[in-house]
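Working notes, beginning with the structure itself.
All chains are named by letter (A, B, ...) in the order of the sequence lines, taking the proteins before the strands, and each is independently numbered beginning at 1.
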Amino acid sequence: MSEIPTRFEHAEEADKIAQAWTDAKCSHADPESSKPPFSVVIPPPNVTGALHLGHGLNNTLQDIVVRRKRMQGFETLWMPGTDHAGIATQAVVERRLKEQENKTRHDLGREALVDRIWQWKDQYEERIIGQLKRMGTSCDWERLRFTLDPICAAAVRATFFDLFGKRRIYRGKRLVNWDTFLQTAVSDDEVFNQTKKGHFYHFRYPVIDPKPGEPEFVTIATTRPETMLGDTAVAVHPDPAAALDAVEAGLREKLSDANEKEAADLNKQIEALQKRREERLPELIQLRDMAADGRKLMLPLVDREIDLVADEWAKPEMGSGCVKITPAHDPNDYEVGIRQDLPMINILNSDGTLNGEGGPFAGLTIPKARKAVVAALEELGLMGDIEDREIELPHSDRSKTPIEPYLADQWFVAMDELAQSAMDAVSDERVQIFPARYRKGYLDWLSEKRDWPVSRQLWWGHRIPIWSVGGLSQEQANELSSDLEKLAERHPDQIAQRIDSDGVDTAGETTKAIFVCIRSEDETVEADVEALGLQQDPDVLDTWFSSALWPHSTLGWPAQTPELAKFYPTATLITSRDILTLWVARMVLMGLNNVGEVPFSEVFIHPKILDGLGETMSKSKGNGVDPIDVIDKFGPDALRFGLARLATETQDVRMPVQYECPSCEKLIDQTKKNRALPSMDCPACGKPFSTQWAETEEDKSLPKAAVVSERFETARNFVNKLWNASRFVMMNLDGFEPTSLDVASLPIEDRWLLSRLSTVTQTVGDAIERYQFGEAARVLYDFAWDEFCSFYVEIAKPRLSDDSQRQIAQNVIAHGLDQLLRLLHPIMPFVTESVWNHLGQFAPKRGVPEPTEVGPFVMTASFPVADESHHDSQIERQFSEFQQIVAAIRQIRASQNIAPKETLPAAIRCSASSQELLQPMTAYFEALAGAEVQSLGPETTAFETDAHLALPDVDVDVHVDLEKFIDVEAELARLEKLQGQLTGQITGKQNKLSNESFVSRAPADIVQKERESLAGLQTQLEAVAQDILKLQSKK
RNA sequence: GGGCGAUUAGCUCAGUUGGUUAGAGCGCCACGUUGACAUCGUGGAGGUCACAGAUUCGAGUUCUGUAUCGCCCA
């Protein structure tokens, strides 16, 4: 036994254990199994970078669920994989290319760039999988998928083909968020707003042929003057008077329930509004009439006639009351353009420079064009005031450069019916979301039913499977279409085509375009289509398109595989809240569309992990914690337990982050300042270390500090506690003989343990079932430490060295440990497996009441089921009495500062029934409290030099003989403190009970309880007062 | 502007349907180490439950409002 070390050496053990699991194929799922299925798909981590603690939490929680279900006898599949993360990964690789080689993707070309990204992917996938494996996640590693691999690609093609055929995919010109740096559209979700200093420019457009009395100019204002080159109208409100009325009414309503400060402000606004009405309204009405009369304006600099239109987008209360309309470069103007049927003029090239429509400004970048346009307008005398103003500017999350609204051809998925299907699935609870409050966000987002733009002008991703040719006459189109029909007959179910209008040719005729979608990645079919003059769309699909298919694509869909039949739909999806809409909602609708069933029945949204300053963790801030660093320092089980106990209902957890000095292992709190430093000196040992920001050779040569959190210390200590308790148990299993036991005749401490096990098993099971991982972890921690170790094991010590009791005690304690290992295994797989292995050598057959053979792995052992027959609340109450007496004796000892090795005589007054139960336990007072019980029962009296503590709740008085130890001052201090506490409580209760309405209105049992409790306190107080008198006489 | 959430001990967090004196871990103080464990044990100090109202015999818990912080959407 001496070979079992006093610590669990995770660094040496974890790999061996993981290897043993792999060799035994413990986590491999068999679709042919007759066991009921339980499956989970991993939220595929981005190959953009390595995992941090957020992923650590996500995957720990999944593994807890998965391991438990596996132990419960389900054929369990946890499908692992990674996500190609289109724009994010390409952006990272492009940025590196720029930094390290000063090249753009265009210097490299499509194929070479994609090659580089694949290299990146291979590197990070390996890293990510390595991180997951070290955390102990029990994925089925034989089934690793990647969203860009051939299996997933086939699913993407099949889905696109299907939606194209159903006309749920269409092509349209839409205003998109254009990233001029990456030269791609980015989704709304990839845009963030930043407030910057800018200007608000006022300028004038001349009216063409104004009638007498009509204004010669219209004044408009904008923060982006260069967009005037793309203006196609100026709008004025169709009913400016009513619009002003409405605004005023709104202000007055606010005024009616405003406080004084707000009222003053509101009154000012109303005043200003009335002034504006006097000054501006007549002209706005006049302009409205001019618009109705078809008056036009001359757009300066490019000399283009543009319309004056009446549209509600113009706000009479703002600016001049008139607004310029640039439909191709502003989302609101785009809406106006659609309503008013205005031309849409794109003035930008894809790189953000002005195109030919910019006339004299063509080729300039936006900032340069802005200056030039302003100067030119000034020269023409058309420029008015220029105000300073803070401007909310959209930026691309990927390149951190400003977004330009840009009109581009895009493929869209029509969302009306698909979104509805995903809403219905949640509304009728085929998919349940936990915590339930997230339902609202999910439903609100889907209810907008905004069509989903899926084109991305990128090179990394699933190429859009559309081939097209445009500029055709109707006849040409018909001819080509029939050629394609013939081709389609040769390749059944592989080709779908559609004719759309394309544009207008020089003669003013509408031209046609033909779009062909090819179902499978088949070079012959593609070559045949290309031979007809069609070309493949250069764009790729939004990365979420392939992730939306994840639960069925990973199982082989569209092929009808055994895996799909056995494991779809999956059971539960555990993820973070920020992708509830982008990912979860889309998986639901795609699952319904493709397979006809929801992809999972439950979704659990877990908290986010923030750093000590309340900020989300990320590499770019320097506060990201790598799970590997935590594992190196504290072990995988500590990482997992530490994370699991954080996963409470309340969202988001702060986790203060520290640098670990590589020289002296001191933990140094991270601050905003030091987390940005490339290197620093350890405040403890003074030696320098580097951080992730190290750039210079000098910094890089220093040892690097890991970024960890001491929050895992508690968990590490718990692992060690379990290890050592197990070690003790096994040290005492020599000569173990499996024995059938009659539970009813076992001593109270054994029945107490069995009863507690029954309760804890039930609570833990329920908690995990309800995704209350924090609760499960806490209950197990408290049970293992405070009950199993602190009481059961301590009590077992004398029994294990007593031959007459040894065998029973061995059987029960082995069973207790066995059950604890099983319960803890899903959270702490390594240490439990290691102990299980050792335990098996001493007690290969174990269990209460009937020992049975156990298997080689706790991972594949059965998860405990609460044994109701073992639960005994009477026993638990009585044992609690014992615990309280122990605590009372310890308290007296501590207050008297009595050395642990000294044994104290004690006398315990209790009821006759308690006496019966406590009599056999008297030896344990010695073991747990160093007390020798000299008398026990109703007739017990105090000692001559007595210290007394009453336990009114259980009707017990504890007396300790202080003859040899008495420290009168200390005892007096203890008693006086107690007296103070009691007096306070008594006053409180007397007040409560003298309150007439409490006595008459509160339920009788509550009042009765208060009365009894007061009486108990008063008796106690009297006793204390007497003890004090007695002691004072001895002074 | 709309929605969601948070605010409890120095720090990080629990607190089930309203009912004794609001809990844990870390940190702090005191004492303790020849045996399972100092990654430990025993005891202790430490809280106006953000603020203001309301409901109630009784509010950390229910309702309304305010403040501060965070996230999502526009």
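- Mapping Glu713(A) and Ser1013(A) onto RNA chain B by nearest heavy atom places Ser1013(A) at the nucleotide closer to the 5' end.
- For the P atom pair drawn from rU8(B) and rG2(B), the interatomic distance equals 26 Å after rounding to whole Å.
- In this structure, Thr648(A) reaches the rA14(B) phosphate: one of its side-chain N or O atoms is under 4.0 Å from OP1 or OP2.
- Taking the six-membered ring where tryptophan is involved, the planes of Phe882(A) and Phe791(A) are perpendicular, since the angle between them exceeds 60° and thus also 30°.
- Counting any heavy atom pair closer than 4.0 Å across all strands shown, Val653(A) reaches sugar-phosphate atoms only and no base atom.
- The residue Gln896(A) sits apart from the nucleic acid: no heavy atom pair falls under 4.0 Å.
- Only the C1' atoms considered, rC49(B) is 8 Å distant from rA22(B), to the nearest whole Å.
- Of all nucleotides present, none satisfies the Watson-Crick or G-U wobble test against rA9(B) with each distance under 3.5 Å.
- Side-chain proximity of Pro656(A) to the nucleotides rA36(B), rG44(B), rU12(B) is greatest for rU12(B).
- Pair assignment for rG1(B): rC73(B), on the basis of Watson-Crick or G-U wobble contacts that are both within less than 3.5 Å.
- In this structure, of rU12(B), rA36(B), rU42(B), it is rA36(B) that holds the atom nearest to the side chain of Asn724(A).
- Between Phe434(A) and Phe604(A), the ring center distance fails the sub-6.0 Å criterion.
- For the pair Leu1017(A) and Asn720(A), both in contact range of RNA chain B, the more 5′-proximal nearest nucleotide belongs to Leu1017(A).
- Among the atoms of the strands shown, none is found under 4.0 Å from any heavy atom of Lys633(A).
- The nearest whole Å value for the distance from the NZ atom in Lys992(A) to the C1' atom in rG19(B) is 6 Å.
- Checking rG43(B), rC37(B), rA14(B) against the side-chain heavy atoms of Lys721(A) singles out rC37(B) as nearest.
- Side-chain N/O atoms of Lys989(A) include one lying less than 4.0 angstrom from OP1 or OP2 on rU21(B).
- In this entry the distance linking CG of Leu780(A) with C1' of rA14(B) reads 16 Å, nearest Å.
- Gln985(A) comes within 4.0 angstrom of a nucleotide base, judged by non-hydrogen atoms across all strands.
- At least one cation-pi condition fails for Lys666(A) and Tyr659(A): the charged atom is not both under 6.0 angstrom from the six-membered ring centre and inside a 45 degree cone around its axis.
- Pairing of rG19(B), defined by two Watson-Crick or G-U wobble distances under 3.5 Å, is identified with rC57(B).
- Within a 6.0 Å radius of CH2 in Trp313(A), other residues, nucleotides and ligands contribute 12 heavy atoms or fewer.
- Residue Lys977(A) has its side chain nearest to rG44(B) when only rC73(B), rG44(B), rU39(B) are considered.
- Among rG25(B), rC13(B), rC37(B), the nucleotide with an atom closest to any side-chain atom of Tyr781(A) is rG25(B).
- Residues Thr671(A) and Asn674(A) approach most closely at N-OD1, 2.9 Å, considering heavy atoms.
- Counting distance only, with no hydrogens placed and no angle test, the side-chain atoms of Lys440(A) and the base atoms of rC4(B) include no donor-acceptor pair under 3.5 Å.
- In this entry rA36(B) has no Watson-Crick or G-U wobble partner, no candidate having both defining distances under 3.5 Å.
- Geometric assessment of Arg577(A) against the ring of Tyr438(A) yields a negative cation-pi assignment under the 6.0 Å and 45° thresholds.
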> Do Glu902(A) and Arg893(A) pass the salt bridge (Lys or Arg N to Asp or Glu O under 4.0 Å) test, and can you show the C-alpha distance, the side-chain angles, and the key distance before you say yes or no?
Replying inline: CA-CA 10 Å; Glu902(A) 303 283 0; Arg893(A) 293 186 70 110; over 6 Å; no
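- Residue Arg890(A) places no side-chain atom within donor-acceptor reach of the base of rU42(B), judged by atom type and a 3.5 Å distance cut-off alone.
- Rounded to a whole angstrom, the distance from the P atom of rA14(B) to that of rG5(B) is 15 Å.
- Phosphate proximity of rC40(B) to Trp723(A): absent, as no side-chain N or O sits under 4.0 Å from OP1 or OP2.
- Rounded to the nearest Å, the gap between the C1' atom of rA9(B) and that of rG15(B) is 14 Å.
- The side chain of Asn717(A) has rU39(B) as its nearest neighbour among rU39(B), rU42(B), rC13(B).
- Rounded to the nearest Å, the gap between the P atom of rG19(B) and that of rA59(B) is 11 Å.
- Note on Arg437(A): only backbone sugar-phosphate atoms sit closer than 4.0 angstrom, heavy atoms only; bases stay farther off.
- Judged by the 6.0 Å distance and 45° axis criteria, Arg586(A) is positioned over the aromatic ring of Trp452(A).
- Nucleotide rG35(B) holds its C1' atom 6 Å from the CE atom of Met731(A), rounded to whole Å.
- One atom, CD of Glu794(A), and another, P of rC37(B), lie 11 Å apart when rounded to the nearest Å.
- Comparing the same atom, C1', in rG18(B) and in rU55(B) gives a spacing of 12 Å after rounding to whole Å.
- Between the CZ atom of Arg974(A) and the P atom of rG43(B) there is a distance of 14 Å, given to the nearest Å.
- Residue Thr714(A) is classed as a sugar-phosphate contact, given heavy-atom separations below 4.0 Å to backbone atoms only.
- Summarising the geometry, the separation between CZ on Phe773(A) and C1' on rA14(B) is reported as 17 Å, rounded to the nearest angstrom.
- Of the candidate nucleotides rG43(B), rC40(B), rA14(B), rC40(B) has the atom nearest to the side chain of Trp785(A).
- When Watson-Crick and G-U wobble pairs are counted only if both distances are under 3.5 Å, rG47(B) pairs with no nucleotide at all.
- Across all strands shown, rA30(B) forms a Watson-Crick or G-U wobble pair with rU42(B), both key distances being under 3.5 Å.
- Taking only side-chain atoms of Lys797(A), from C-beta outward, the nucleotide of rA36(B), rC11(B), rG19(B) with the closest atom is rA36(B).
- A donor and an acceptor atom, one from each side chain of Glu971(A) and Gln896(A), are located under 3.5 Å apart.
- As a whole-Å value, the separation of Leu582(A) CG from rC72(B) C1' is 11 Å.
- For rU39(B), its base sits under 3.5 Å from the side chain of Arg7(A) at one donor and acceptor pair at least.
- With distances taken from any side-chain atom of Arg654(A) to the nucleotides rC57(B), rC13(B), rC31(B), the minimum falls on rC13(B).
- As rounded to whole Å, 9 Å separates atom C1' of rU56(B) from atom CZ of Arg1001(A).
- Among the atoms of the strands shown, only primed sugar atoms or phosphate atoms (P, OP1, OP2) are found under 4.0 Å from some heavy atom of Arg577(A).
- Spacing of P atoms, rG70(B) relative to rG65(B), comes out at 22 Å, to the nearest Å.
- Listed nucleotides rC73(B), rG43(B), rC37(B) differ in distance to Arg450(A); the shortest reach to its side chain belongs to rC73(B).
- Going from the C1' atom of rU7(B) to that of rG60(B) covers 12 Å, rounded to whole Å.
- Atom CD of Glu312(A) sits in a sparse spot, with 12 or fewer heavy atoms from other residues, nucleotides or ligands closer than 6.0 Å.
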